[in-house]
Enquirer: 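Quick one: the structure is below, questions incoming.
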Amino acid sequence: MTSGPCLHEIQRLPTSGARAAVPFDLDGQLFLAIPQLAQDIAGDPPDMNGGTSDLDSLIYRWEPSGEPAGVTAGGGAFAEYQRIPSHGGESIAFFSLDGRSFLAVAQIRSGTRPDFDYRPASMLYGWDGSRFVPVQGFPTFAAKHVHAFRIGRRHFLAFAEALAPPGAPEADTCSHIYSWNGRAFEPFQALPSKWGYGFTHFRCDGHDFLALADHAQASVLYRWTDESFQPFQSFAEAGGGRHFRAFEGDGGAYLAFANLTGGSGLYEWQGGRFALTQSLEGKGARNFQALSNGGAQYLFRTNYITGTPTAPTAALDSQLYRFEGGRLALAATYPTSGGTEAAPFQVGRTAYLAVANSLSADIRFRTDTVIYRFDDRA
């Protein structure tokens, strides 16, 4: 490309079923956390719901001057720092409270197909000055996402949970929110869900909102009212919801909604509700992430799969949009393979992107997470 934003690959990280990429700053250093869903079993046929799920979540640290194996260009790179024992790692959240730093890990399943256990405890880890160590477990069922947020001085941890893949046992159909009591997180509120995929907290028009994306029923936006979360607005009644991303621009407040089965779109806050202002073509959307760079605002849409779980297509183009005039204009595409998240981060004045891939083109879990340098030539 001769103009517009460009992504330059600088590093590949050997991951297996990577379900997220979470950059965070801690003690003046940059880290990257990657939960891994599963690894392939030698001799087994390709199966996106197969494999074994007892494998570590990965923590990398940015090394500004070194060039570890796998680096193709660039002045810095990630080096493995710590492995956290996990079971079907789906999501990681980094946050700080009361002068301490934590990582929460949502875990969907343990064991090996067909004998998966969908009730492994999701875990909270605390930073001890050099490593993350376990501090609390949560009784989750098929947990897909964990989200840390606060309202005023109150700190919350929310797990999107419920229905597991076909053949899994039935369970309570709720996602759960926990509240910090000064020593630990305790149960606070359960929200109905059939296949909870992701929580997003944001403020808009003086209110706190919590969005819960659900794959098997309507996704619901809740508003903080009378010290609890109350239903406010529904999206995609037929399901398919994977993720919400809230952002502000052009004097307005917006929600980007990722829907795997179609119906992704851009919503604007109008008249006390979010109204659809732009439909985004194509199926397979899983995640949105925002980046402000060089005076421009961008939105990364990462696509997961199209087709069905028994016959999926994983090698897809994902989209980079430029936001202007209240609209999203396609600025570039980037390759993904079972893409789960494209997470921007900054090193000095340089913007980067970590793209987590969870399935290879031949539907194997072993596929790299890719680090890009972002150049804005617009």
Enquirer: Provide the closest heavy-atom pair for G241 versus F257 in the form atom of the first, atom of the second, distance.
Expert: CA-CZ, 3.7 Å
Enquirer: Would you say D214's side chain and K194's backbone share a donor-acceptor pair under 3.5 angstrom?
Expert: yes
Enquirer: Quick one: do the S279 and E281 side chains pair a donor with an acceptor below 3.5 Å?
Expert: no
Enquirer: Between Y197 and R286, is there a side-chain heavy-atom distance shorter than 4.5 Å?
Expert: yes
Enquirer: According to a hydrophobic-cluster definition based on side-chain heavy atoms being under 4.5 Å apart (Ile, Leu, Val, Met, Phe, Trp, Tyr only), do L260 and F244 belong together?
Expert: no
Enquirer: Backbone N or O of E161 within a donor-acceptor pair of the S175 side chain at under 3.5 Å?
Expert: yes
Enquirer: Under 3.5 Å, is there a donor-acceptor pair between the T369 and T15 side chains?
Expert: yes
Enquirer: Does the pair K144 and I108 meet the rule for a side chain to side chain contact (heavy atoms under 4.5 Å, CB included), with working shown?
Expert: CA-CA 6 Å; K144 296 292 293 182; I108 187 172; 3.5 Å; yes
Enquirer: Compare all side-chain heavy atoms of P344 with those of Q289 and state whether any distance is below 4.5 angstrom.
Expert: yes
Enquirer: Out of W269, F323, Y267, which one pairs with Y254 under the ring-ring contact (aromatic ring centres under 6.0 Å, His included) rule?
Expert: F323
Enquirer: Just how far is it from atom CG of L7 to atom CZ of R373, taken to the nearest 0.5 Å?
Expert: 10.0 Å
Enquirer: Would you tell me whether N181 and S179 have side-chain atoms, one donor and one acceptor, within less than 3.5 Å of each other?
Expert: no
Enquirer: Taking the six-membered ring of F288, is NZ or CZ of R245 closer than 6.0 Å to its centre and within 45° of its axis?
Expert: no
Enquirer: With rounding to the nearest 0.5 Å, note down the distance linking OG in S264 to NE2 in H243.
Expert: 12.0 Å
Enquirer: Measure the spacing between CD of Q11 and CG of L32 and express it to the nearest 0.5 Å.
Expert: 9.0 Å
Enquirer: Apart from L212 itself, what residues make up its hydrophobic cluster when side-chain heavy atoms of I, L, V, M, F, W and Y under 4.5 Å apart count as a link, directly or indirectly?
Expert: F149, I151, F156, I177, F188, L191, F199, L210, V220, Y222, W224, F229
Enquirer: Is S91 reaching over with its side chain to a backbone N or O of V146, donor-acceptor style, under 3.5 angstrom?
Expert: yes
Enquirer: Would you say I92 ends up clustered with M123 if hydrophobic residues are merged whenever their side chains have heavy atoms under 4.5 Å apart, either directly or through other cluster members?
Expert: yes
Enquirer: Out of curiosity, S122 OG to H145 NE2, how far, rounded to the nearest 0.5 Å?
Expert: 11.5 Å
Enquirer: With heavy-atom distances below 4.5 Å as the criterion, would you say the side chains of S358 and L37 are in contact?
Expert: no
Enquirer: Mind listing the closest non-hydrogen atom pair of G111 and F116 along with its distance?
Expert: O-CE2, 3.3 Å
Enquirer: State whether the side chain of E341 and the backbone N or O of A354 hold a donor-acceptor pair below 3.5 Å, judged by distance alone.
Expert: no
Enquirer: Measure from NZ or CZ of R131 to the centre of the six-membered ring of Y81 and say whether it is under 6.0 Å with the direction within 45° of the ring axis.
Expert: yes
Enquirer: Show the nearest heavy-atom pair for residues V105 and S57, with the distance to one decimal.
Expert: CG1-OG, 4.1 Å
Enquirer: Using the rule given for side chain to side chain donor-acceptor pair (under 3.5 Å), can you reason through T336 versus S318, listing the C-alpha separation, both sets of side-chain angles and the distance that settles it, and then say yes or no?
Expert: CA-CA 6 Å; T336 49; S318 292; 2.8 Å; yes
Enquirer: Given the rule that I, L, V, M, F, W and Y join up when any side-chain heavy atoms are under 4.5 Å apart, are F345 and I34 in one cluster?
Expert: yes
Enquirer: Output, in order, the C-alpha distance, side-chain angles, deciding distance and verdict of salt bridge (charged side-chain N to carboxylate O under 4.0 Å, His left out) for D205 and R203.
Expert: CA-CA 7 Å; D205 201 17; R203 282 188 60 82; over 6 Å; no
Enquirer: Parallel, tilted or perpendicular: which fits the ring planes of F374 and Y298, with parallel below 30° and perpendicular above 60°?
Expert: perpendicular
Enquirer: How far does CZ of R19 sit from CD of E90, to the nearest 0.5 angstrom?
Expert: 4.0 Å
Enquirer: Testing the 3.5 Å rule here: is there a donor-acceptor pair between the side chains of D56 and Q82?
Expert: no
Enquirer: Got R242 and H215 here, is their nearest side-chain heavy-atom distance under 4.5 Å?
Expert: yes
Enquirer: Using atom types as modelled and distance alone, determine if a side-chain donor or acceptor of T302 lies under 3.5 Å from a backbone N or O of T340.
Expert: no
Enquirer: Walk me through it: do Y334 and Y372 pass the test ring pair (Phe, Tyr, Trp, His ring centres under 6.0 Å)?
Expert: CA-CA 10 Å; Y334 54 101; Y372 296 93; 7.3 Å; no
Enquirer: Do I363 and Y304 sit in one hydrophobic cluster, given that two such residues count as connected whenever their side-chain heavy atoms are within less than 4.5 Å of each other, even indirectly?
Expert: yes
Enquirer: For D117 and S110, indicate whether the former's side chain and the latter's backbone hold a donor-acceptor pair under 3.5 Å.
Expert: no
Enquirer: Taking all heavy atoms of A93 and all of A148, pick out the closest pair and write down the distance.
Expert: CB-N, 4.2 Å
Enquirer: Mind checking whether T140 and H176 have side chains closer than 4.5 Å, heavy atoms only?
Expert: no
Enquirer: Check for a donor-acceptor pair, side chain of N287 on one end and backbone N or O of A258 on the other, with a separation under 3.5 Å.
Expert: no
Enquirer: Excluding sequence neighbours, so at least two apart, what forms side-chain contact (heavy atoms from CB on, under 4.5 Å) with Q233?
Expert: L221, F235, R273, F274
Enquirer: Decide yes or no for E248 and C204: does some side-chain heavy atom of the first lie under 4.5 Å from some side-chain heavy atom of the second?
Expert: no
Enquirer: If the plane angle is over 60° it's perpendicular, under 30° parallel, otherwise tilted; pick one for F78 and W62.
Expert: perpendicular
Enquirer: Answer yes or no: is there a donor N or O on one side and an acceptor on the other, between the side chain of Q278 and the main chain of L328, under 3.5 Å?
Expert: yes
Enquirer: Around atom CZ of R150, are there more than 12 heavy atoms from other residues, nucleotides or ligands closer than 6.0 Å?
Expert: no
Enquirer: Is R113 reaching over with its side chain to a backbone N or O of N49, donor-acceptor style, under 3.5 angstrom?
Expert: yes
Enquirer: Hey, any chance L330 and L320 share a hydrophobic cluster, counting ILVMFWY side chains that come within less than 4.5 Å of each other, even indirectly?
Expert: no
Enquirer: Which heavy atom in G339 sits nearest to a heavy atom in N357, and how many Å separate them?
Expert: CA-OD1, 3.9 Å
Enquirer: Regarding S337 and T367, is there a side-chain donor-to-acceptor distance under 3.5 Å anywhere?
Expert: no
Enquirer: Give, for atom OG of S101 and atom CG of D128, the distance between the pair rounded to the nearest 0.5 Å.
Expert: 11.5 Å
Enquirer: Could you go through F138 and L157, starting from their C-alpha distance and side-chain angles, then the distance that decides it, and tell me whether this counts as side chain to side chain contact (heavy atoms under 4.5 Å, CB included)?
Expert: CA-CA 10 Å; F138 301 87; L157 200 58; 3.8 Å; yes
Enquirer: Grab the two heavy atoms, one from A246 and one from F202, that are nearest each other, plus how far apart they are.
Expert: CB-CG, 3.5 Å
Enquirer: Any side-chain to backbone donor/acceptor pair from T350 onto G348? Under 3.5 Å, distance only.
Expert: no
Enquirer: Apply the ring-ring contact (aromatic ring centres under 6.0 Å, His included) test between F132 and each candidate in F31, W127, Y125; give the one that qualifies.
Expert: W127
Enquirer: Test S53 against every option in R109, H87, Q107 by the side chain to side chain donor-acceptor pair (under 3.5 Å) rule and name the one that passes.
Expert: R109
Enquirer: May I ask you to check whether F185 and Y178 place their ring centres under 6.0 Å from each other?
Expert: no
Enquirer: Please lay out, stage by stage, how T277 and Q270 fare under the test side chain to side chain contact (heavy atoms under 4.5 Å, CB included).
Expert: CA-CA 10 Å; T277 60; Q270 297 177 357; 3.7 Å; yes
Enquirer: If we only count heavy atoms from C-beta on, is the L103 to I59 side-chain gap below 4.5 Å?
Expert: yes
